[in-house]
Protein chains: 2
Amino acid sequence: MNATFGQFIRTKRTTLQQAGQGYSVRGLASRLGIQPSYISKVEREEVAPPSEATIHKIAQELGENPDVLLALAGKVSEDLRQVILKRPVLFAELIRQLKDAPDHAVLRIVREVRDGNW
Amino acid sequence: MNATFGQFIRTKRTTLQQAGQGYSVRGLASRLGIQPSYISKVEREEVAPPSEATIHKIAQELGENPDVLLALAGKVSEDLRQVILKRPVLFAELIRQLKDAPDHAVLRIVREVRDGNW
DNA sequence: ACGAGTGTGTACTATTTAGTACACAACCTG
DNA sequence: CAGGTTGTGTACTAAATAGTACACACTCGT
C-alpha cells in the first residue's frame with residue numbers, strides 16, 4: 001500500500017496481464033501512445049514519473065483513481081490547482097487548518113457541503 | 001486588483017520606492033540575492049514568474065501574502081501540496097466539492113474547524 | 001529450432017525552467 | 001559636467017522534464 005508510483009503501476013499492470021490480455025508493457029504502451037521502454041523505465045523508477053496528462057491516461061487504462069496516481073507521482077491534479085488559484089487565501093487557510101484533522105472530520109465536512117448545509 | 005504577477009509586484013515595489021528607500025530594482029534584487037535585470041524582466045513579463053523559493057522571498061520583502069503572489073504566478077505553495085498529497089482522495093473530494101461554494105460558506109468551515117467543532 | 005511476445009539497455013533530444021553576467025542609456029544632482 | 005542611480009537590452013547557460021527510437025536478450029509454444 002505504501003508503494004512508489006512505479007511499483008504501484010507495475011503491480012497493477014501485471015495483475016491485469018495475468019487476468020487477461022493486452023496489459024503487457026507493449027500492449028499498454030501502444031494504447032497510451034508511448035514507447036514500451038519508457039513504461040518499463042517508469043515502472044522500475046529508472047526515470048521520474050510521467051507528465052500529468054500521461055498519468056491520467058494510465059489511470060484510465062488501469063482503472064485506477066487518477067488523484068492517487070498523481071499523488072504517488074508527487075503531483076496535484078490541474079483542476080484542483082485551478083480551484084485553489086482562484087481563491088488562494090481562502091483555500092490556503094482551509095487546507096492548513098485541515099492538515100492534522102482526522103479523516104472522519106474532513107469527511108464530515110465533505111458530506112455537509114454535499115448535502116447543501118450552507 | 002486583477003493584475004498579473006509582474007504588474008502586481010512592480011506596482012507594489014514602486015509604491016514602496018516612493019515611500020522610502022531601498023526598493024529600486026537594484027535594491028530589491030540585492031536583498032533577494034538575484035540580478036536586477038531579472039527583476040526588471042519579471043516585472044515587464046518578458047520572462048515567466050520566478051521559482052516558488054524566490055516568490056517567497058519577494059513576498060517577504062514586499063510585505064505581501066505569499067499565497068497571493070504564488071497564485072498570480074500560477075503556483076500552489078509547497079506546504080499545501082504536501083497536505084493534499086498525504087490524503088489525495090479526501091482532499092480532492094473536498095476541494096471539488098467547494099469549487100463553487102461561496103466564500104462565506106468556506107469561511108464558516110474554516111472557523112468551525114479552528115474552533116475545534118469536530 | 002523458430003518466431004512471436006515479453007521486458008530492458010543504450011543513446012539521444014527538444015523544450016522548459018530559472019536564472020546569470022555585463023553593458024548601455026537616460027536622468028538628476030551637486 | 002562628472003558621478004551615482006535607475007531601469008533595461010543582449011547574450012548566454014545549467015539543470016530538469018518528458019519523453020523517442022531502436023536494438024538486444026530471454027522465454028515459451030509449436
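First the proteins, then the strands, lettered A, B, ... as listed; each starts at 1. Keep in mind that the numbers below use all heavy atoms, side chains included, and drop hydrogens, waters and symmetry copies.
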J.: Give the rounded distance in Å between these two atoms: CZ of A:Arg13 and C1' of C:dT8.
T.: 12 Å

J.: Rounded to whole angstroms, how far apart are CD on B:Glu45 and C1' on D:dT8?
T.: 16 Å

J.: Check step by step if side-chain contact (heavy atoms from CB on, under 4.5 Å) holds for B:Thr54 and B:Ile34.
T.: CA-CA 9 Å; B:Thr54 300; B:Ile34 63 183; 4.3 Å; yes

J.: Using whole Å, report how far CD of A:Gln18 lies from C1' of D:dC28.
T.: 15 Å

J.: Between A:Thr4 (side chain only) and A:Gln7 (backbone N and O only), is there a donor and an acceptor less than 3.5 Å apart?
T.: yes

J.: Touch check for A:Glu43, heavy atoms < 4.0 angstrom, all strands: base, sugar-phosphate only, or nothing?
T.: nothing

J.: Could you go through B:Glu43 and B:Arg10, starting from their C-alpha distance and side-chain angles, then the distance that decides it, and tell me whether this counts as salt bridge (charged side-chain N to carboxylate O under 4.0 Å, His left out)?
T.: CA-CA 6 Å; B:Glu43 286 187 347; B:Arg10 165 144 294 189; 2.6 Å; yes

J.: Can you check whether A:Arg44 has a side-chain N or O nearer than 4.0 Å to OP1 or OP2 of C:dG9?
T.: yes

J.: Less than 6.0 angstrom from the centroid, inside 45 degrees of the normal: does A:Arg31 satisfy that with respect to the ring of A:Tyr23?
T.: yes

J.: Can you check each nucleotide of nucleotides 10-27 of chain C against protein heavy atoms at under 4.0 Å and return B for base, S for sugar-phosphate only, - for none, in 5' to 3' order?
T.: BB------SBBBB-----

J.: Could you tell me the separation between the CD atom of B:Gln21 and the P atom of D:dT6, rounded to a whole number of Å?
T.: 7 Å

J.: Centre of A:Phe8's six-membered ring, under 6.0 Å away, within 45 degrees of the axis: is that where NZ or CZ of A:Arg13 sits?
T.: no

J.: State, without any angle test, whether A:Gln82 and A:Glu78 hold a side-chain donor-acceptor pair at a distance under 3.5 Å.
T.: yes

J.: Using OP1 and OP2 only, check whether a side-chain N or O of B:Ser40 sits under 4.0 Å from D:dG7.
T.: no

J.: Taking NE2 from A:His56 and C1' from D:dA18, how many angstroms apart are they, rounded to a whole number?
T.: 17 Å

